[in-house]
Amino acid sequence: MAEIYIGEEDYRSFEDKTFGDYLEQRYPELYAKALAVKFASEKKDLSARIPGPGKIEVLTFETEEGREIFWHSSAHILAQAIKRLYPDAKFDDGPALKHGPGHFFYDIYLEHKISEDDFPRIEEEIAKIVKEDLPLKRRTMSRQEALAYFQQKGEIFKVDILKRLSDNTEISLYRQGEFEDLCRGPHIPSTGKAGVFKLTAVSGAYWKGDAANPMLQRVYGVSFPTQEELEKYLAKLEEARKRDHRKLGQELKLFLFVEEGPGFPFYLPRGTVLFNTLCEYIREECVKRGYVEIRTPIMLSQDLWVRSGHYENYREHMYFSEVEKKGFAIKPMNCPGSILVYQSELRSYRDLPLRQAELGLVHRHELSGVLHGLFRVRSFTQDDAHIYCTYEQLEGEIEKAISFTKEVYERFGFKNILVYLATRPEKSMGSEEAWQKATQALIKALAKTGTAYQVKEGEGAFYGPKIEFNIEDALERHWQCGTIQVDFNLPERFALEYIGPDGKKHQPVMIHRAILGSLERFMAILLEHYNGKLPLWLSPVQVKILTISQEQLVYAQEVLQELRKAEIRCELDDSNEKISYKIRQWNAEKINYAVIIGRKEAAEKLISVRSRGHQETETMPLEQFLEKLRAEIAQKNCVN
RNA sequence: GCUGCCUUAGCUCAAUCGGUAGAGCAACUGCCUUGUAAGCAGUAGGUUGCCAGUUCGAUUCUGGCAGGCAGCUCCA
């Protein structure tokens, strides 16, 4: 970022001038790129008067704050274009974005339904506005004046925004040509600096984000200073589209969705291997840390869910059924089942902490509109666990769970992990004191493990506060995976107890935790993260044997048997095709290794090995290849 | 669930103005006996998502339903 100091003397000669004037004279090259400035940690328009000597930070498209201003101004230009084409459009809000389907959007009320077919017309009008190079002029007025002004223009949404502001706020407006918008600013100096645009999406958005409110139309767009940058962005989008796990899942034959089961994934043979491999990994890691594993039924009596509070607090996400006039529910969570296992024996303090893991299949009714490949489904398997411990053990157990979680993410190569602390929601049960204690325990453990986190107010589970772990995928999207929750409520509701050293009954505390979260979601993240090129230990098919001609079939079968005996996941391509065709197929399947067998290899009882992403082959005895595979699998290396 | 868009062979996509559908890949069969990213030929594959309506006639127009996509709201 360019920083400039305007000294006492210099300032005197620019006393009545603007930042723009100053830059234009002193730093013409920088002026050409400047969008706005930051002075005394306040963002200002270039047309703002210099208030005094000091540091000026010049905001250009190269800076994050500069881009935000650029895109915010883009939203204004979008609105202006729409107003020109549809004069009865009313505008709500049009901010810049950090993530999502565009750099900016504008929420609009308009009778005409804007469709993608309208985009070219709107884009054309935007280009005209950019070409007109209209200066953006700021003016201020009182809130009362602004209210009257927008009322008279019929901009009812702007009026609503103004009504929510306090009375002594100074209101600023920005005008570009015939279009004027309520806005805090700052903005780029003129529409000529806005560059090239592309509209990317149109959809509905609830007014003020409330589902009870009517819907506005939200038009999304992207913009860049130059055409090249726009094209580069579009190419990146295309790359992301190719990485979509839904597409990879189909191409690699991993999983399937059918009309008969919306949101209920089917695992194909290869996807099942991946699923099972992840389960095995989690099991091993749990065993190392003193967990025991249980399995509980998918369907349990409705009374149980009433007792646990799910019926009261979670009903809209549950599936119900009736058998012999008795109500049943399919489990949306594993905790009540786990509790019944805890209660099956009289527990002693010597049994605690009891770490009870379950790879549990849960069903949750999700609204149809939120389903999204494996990221968002209606039935999924959680790598769940419930830890029953004494109050004294609580913090230590949370700390262990935090480091366990971090270790697992590291294994898969996820570097960026965001942690949140979600506190008591409105719809929840239990005493305020229990919530306080539980939340404090989480905070202490976070501090002790040196975990940076942000607070999500009111986003906890209905029975307790939670730590949420989000990992960042290759497309820089964040996905919630792991969670650690402290629960005083379910032990209370189910009257859980253990016999203490004093021979008396005490109530244990419960920790709910999941690391991968949903195996389905985690698989999807892995697929996008690795672009379908799974590391060897996770690959459904690790090796494919390709014969040069039918002559080598017998030897190829022998090699296949040997590899399978060594528990290598292996397939043989015995089709009557040329080797180049088989290589092409092998590559498309993203299988880690190809073993190529021709006349030479068969004669010498050797194999030729080619690895994914490489052109060269290496000829070796089968045993040597097996050693190499064993070593690589044992490493569970996830760096490609 | 809400708003908008989409649905044609296993997959990716065509089909003019309303005249009952085609291609490539995959599959299958045969030929070639193949040396590192598509060998050649042939065969089969469809109630155009489902149900109504308009029409002499609907893949095409209208309505409803289902599923999908993007976003909103929600979330592991």
Side-chain angles (χ1 to χ4, degrees), chain A residues 97 100-102 105 107 113-118 200-220 241 244 246-247 250-251 253 256-263 314 316-317 332-334 360 362 364-384 422 459 461 466 468-470 479-483 485 512 514-522 524-525 546-553 575-588 594-601 608-610 614-617 619:
Chain A
L97 291 172
F105 65 76
D107 279 348
K113 297 286 178 215
I114 295 173
S115 79
E116 288 185 18
D117 301 336
D118 298 319
T200 51
V202 56
S203 76
Y206 295 115
W207 181 40
K208 290 193 262 187
D210 188 336
N213 283 337
M215 267 196 162
L216 303 173
Q217 300 192 67
R218 177 170 292 182
V219 181
Y220 289 91
R241 206 181 57 76
D244 190 312
R246 291 166 296 187
K247 195 169 146 67
Q250 187 185 53
E251 285 168 1
K253 299 188 177 171
L256 174 72
F257 284 96
V258 295
E259 206 175 310
E260 289 83 349
Y314 207 74
E316 63 272 30
H317 293 288
M333 295 186 196
N334 302 302
V362 297
R364 297 183 184 175
H365 175 72
E366 300 289 349
L367 296 178
S368 57
V370 309
L371 302 177
H372 183 94
L374 288 182
F375 280 145
R376 205 62 194 280
V377 287
R378 285 174 171 157
S379 73
F380 56 100
T381 303
Q382 291 180 304
D383 62 326
D384 211 349
E459 308 241 323
K466 60 182 180 183
E468 290 178 2
F469 294 89
N470 285 39
W479 290 100
Q480 190 181 328
C481 294
T483 172
Q485 304 158 3
H512 308 237
I515 295 175
L516 305 182
S518 143
L519 275 117
E520 284 72 9
R521 176 179 288 182
F522 200 79
I525 295 168
L546 316 177
T547 53
I548 301 288
S549 81
Q550 304 292 81
E551 248 176 61
Q552 296 91 37
L553 268 186
S575 66
N576 201 0
E577 294 285 353
K578 307 282 182 281
I579 189 67
S580 48
Y581 180 87
K582 294 185 186 182
I583 293 273
R584 190 185 147 82
Q585 292 300 312
W586 161 75
N587 230 315
V595 163
I596 294 144
I597 293 176
R599 190 171 287 170
K600 275 184 286 181
E601 288 83 356
S608 287
V609 177
R610 180 168 161 166
H614 295 88
Q615 303 253 304
E616 63 279 7
T617 54
T619 304

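Naming convention: chains lettered A, B, ... in sequence-line order (proteins, then strands); numbering from 1 in each chain.
Nucleotide B:C75 holds its P atom 7 Å from the NE2 atom of A:H317, rounded to whole Å. Note: CD (A:E459) to P (B:C75) measures 6 Å, nearest angstrom. The NZ-P distance, from A:K600 to B:U33, rounds to 20 Å in whole Å. Between the CD atom of A:E520 and the C1' atom of B:C75 there is a distance of 14 Å, given to the nearest Å. For the pair A:L553 CG and B:U33 C1', the computed distance is 11 Å after rounding to whole Å. Spacing between atom OH of A:Y220 and atom P of B:G71 amounts to 7 Å, rounded to whole angstrom units. One interatomic measurement links the two molecules: CD1 of A:I583 to P of B:G35, which rounds to 12 Å at whole-angstrom precision. The distance from atom CZ of A:R364 to atom C1' of B:A76 is 6 Å, rounded to the nearest whole Å.
The gap from the P atom of B:C28 to that of B:U3 amounts to 46 Å, rounded to the nearest Å. Here the separation of B:A26 from B:C13, taken at their C1' atoms, is 14 Å to the nearest Å. Spacing between B:U59 and B:C17 at atom C1', rounded to whole Å, works out to 15 Å. Taking atom P on both nucleotides, B:G49 is separated from B:U7 by 8 Å, rounded to a whole Å. Atom C1' of B:A9 sits at a distance of 35 Å from the matching atom of B:C2, rounded to the whole Å. A gap of 11 Å separates the P atoms of B:U60 and B:G18, to the nearest Å. For the C1' atoms, the distance from B:A21 to B:U16 is 14 Å, rounded to whole Å. The same atom, C1', is picked in B:G24 and in B:A15; the two are 15 Å apart, to the nearest Å.
When both pairing distances are held under 3.5 Å, B:U47 makes no Watson-Crick or G-U pair with any nucleotide shown. Base pairing analysis places B:G24 opposite B:C11; the two distances defining the Watson-Crick or G-U wobble pair are each below 3.5 Å. Using Watson-Crick or G-U wobble geometry with both donor-acceptor distances under 3.5 Å, B:C5 finds its partner in B:G68. B:C61: Watson-Crick or G-U partner is B:G53, with both key distances under 3.5 Å.
A:E316 comes within contact range of no nucleotide atom at all, as no heavy-atom separation falls under 4.0 Å. Note on A:G209: only backbone sugar-phosphate atoms sit closer than 4.0 angstrom, heavy atoms only; bases stay farther off. Within 4.0 Å of A:I548, counting heavy atoms only, lies at least one base atom of the nucleic acid. In this structure, A:F257 reaches neither bases nor backbone, as no heavy-atom distance under 4.0 Å exists between it and the strands shown. Across all strands shown, A:R246 has heavy atoms under 4.0 Å from sugar-phosphate atoms exclusively, and none from any base. Contact annotation for A:Q550: base contact, defined as any heavy-atom pair under 4.0 Å involving a base atom. Heavy atoms of A:V377 sit under 4.0 angstrom from at least one base atom. Contacts of A:K253 with the nucleic acid, taken as non-hydrogen atoms under 4.0 Å apart, are absent.
At the phosphate of B:A70, OP1 or OP2 sits under 4.0 Å from a side-chain N or O atom of A:H372. Between A:Q480 and B:A76 there is a side-chain N or O to OP1 or OP2 distance below 4.0 Å.
The nucleotide whose nearest atom lies closest to any side-chain atom of A:R218 is, among B:A76, B:A37, B:C72, B:C72. Listed nucleotides: B:G71, B:G1, B:G67. Nearest to the side chain of A:P262: B:G67. The side chain of A:L367 sits closest to B:G1 out of B:G71, B:A38, B:G1. With distances taken from any side-chain atom of A:L371 to the nucleotides B:A37, B:G35, B:G68, the minimum falls on B:G68. Each of B:A66, B:A38, B:C74 was ranked by its minimum atom distance to the side chain of A:E259; first place goes to B:A66. Distances from the side chain of A:R610 to the nucleotides B:A76, B:G35, B:A37 place B:A37 closest.
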Identify each atom pair where a protein N or O and an N or O of nucleotides 24-30 of chain B are less than 3.5 Å apart, giving names and distance.
| from | atom 1 | to | atom 2 | distance (Å) |
| --- | --- | --- | --- | --- |
| B:A26 | OP1 | A:Y581 | OH | 2.5 |

CA sep, side-chain torsions, deciding dist, call: A:T619, A:K600, side-chain contact (heavy atoms from CB on, under 4.5 Å) = CA-CA 10 Å; A:T619 304; A:K600 275 184 286 181; over 6 Å; no

Evaluate the side-chain hydrogen bond (donor to acceptor under 3.5 Å, both in side chains) criterion for residues A:E601 and A:S608: first the C-alpha distance (whole Å), next the side-chain angles of each, then the deciding distance (0.1 Å), finally the verdict.
-> CA-CA 7 Å; A:E601 288 83 356; A:S608 287; 2.6 Å; yes

List the steps, then state whether side-chain contact (heavy atoms from CB on, under 4.5 Å) holds for A:F522 with A:I515.
-> CA-CA 10 Å; A:F522 200 79; A:I515 295 175; over 6 Å; no

Test log, rule side-chain contact (heavy atoms from CB on, under 4.5 Å), inputs A:H365 and A:E316 = CA-CA 7 Å; A:H365 175 72; A:E316 63 272 30; over 6 Å; no

Checking side-chain contact (heavy atoms from CB on, under 4.5 Å) for the pair A:K466/A:E459: CA distance, chi angles, key distance, verdict?
-> CA-CA 8 Å; A:K466 60 182 180 183; A:E459 308 241 323; 5.8 Å; no

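The base of B:C75 does not come close enough to the side chain of A:R378 for any donor and acceptor atom to sit less than 3.5 Å apart. The base of B:G35 lies outside donor-acceptor range of the side chain of A:Q552, with no N or O pair under 3.5 Å. In terms of polar N and O atoms assigned as donor or acceptor, the side chain of A:R376 comes within less than 3.5 Å of the base of B:C74 in a complementary pairing.
In terms of the ring pair (Phe, Tyr, Trp, His ring centres under 6.0 Å) criterion, residue partners of A:Y220 (sequence neighbours excluded) are, by chain and number, A:F105.
Across every non-hydrogen atom of A:C481 and A:L516, the tightest pair is CB-O, 3.5 Å.
Considering NE2 of A:H317 and CZ of A:R364, their distance stands at 8.5 Å, rounded to 0.5 Å. Rounding to the nearest 0.5 angstrom, the gap separating the CG atom in A:L216 from the OG atom in A:S203 is 10.5 Å. Taken to the nearest 0.5 Å, the CZ atom of A:F469 stands 10.5 Å off from the CD atom of A:Q480.
With hydrogens and angles ignored, the 3.5 Å screen pairs a side-chain donor or acceptor of A:R521 with a backbone N or O of A:F375. In this structure, A:D118 contributes its side chain and A:S115 its backbone to a donor-acceptor pair below 3.5 Å.
Looking at which nucleotide of RNA chain B each of A:G261 and A:Q382 is closest to, the 5′-most match is held by A:G261. Comparing A:K578 and A:W479 along RNA chain B, the residue whose closest nucleotide (by nearest heavy atom) sits nearer the 5' end is A:K578.
By the 4.5 Å heavy-atom criterion applied to side chains, A:R599 and A:I548 are not counted as neighbours.
Salt-bridge annotation for A:K208 and A:D210: absent, with no side-chain N of the basic residue lying under 4.0 Å from a carboxylate O of the acidic one.
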Can you give one letter per nucleotide of nucleotides 2-9 of chain B, going 5' to 3': B for a protein heavy atom under 4.0 Å from the base, S for sugar-phosphate only, - for none?
-> BBS-----

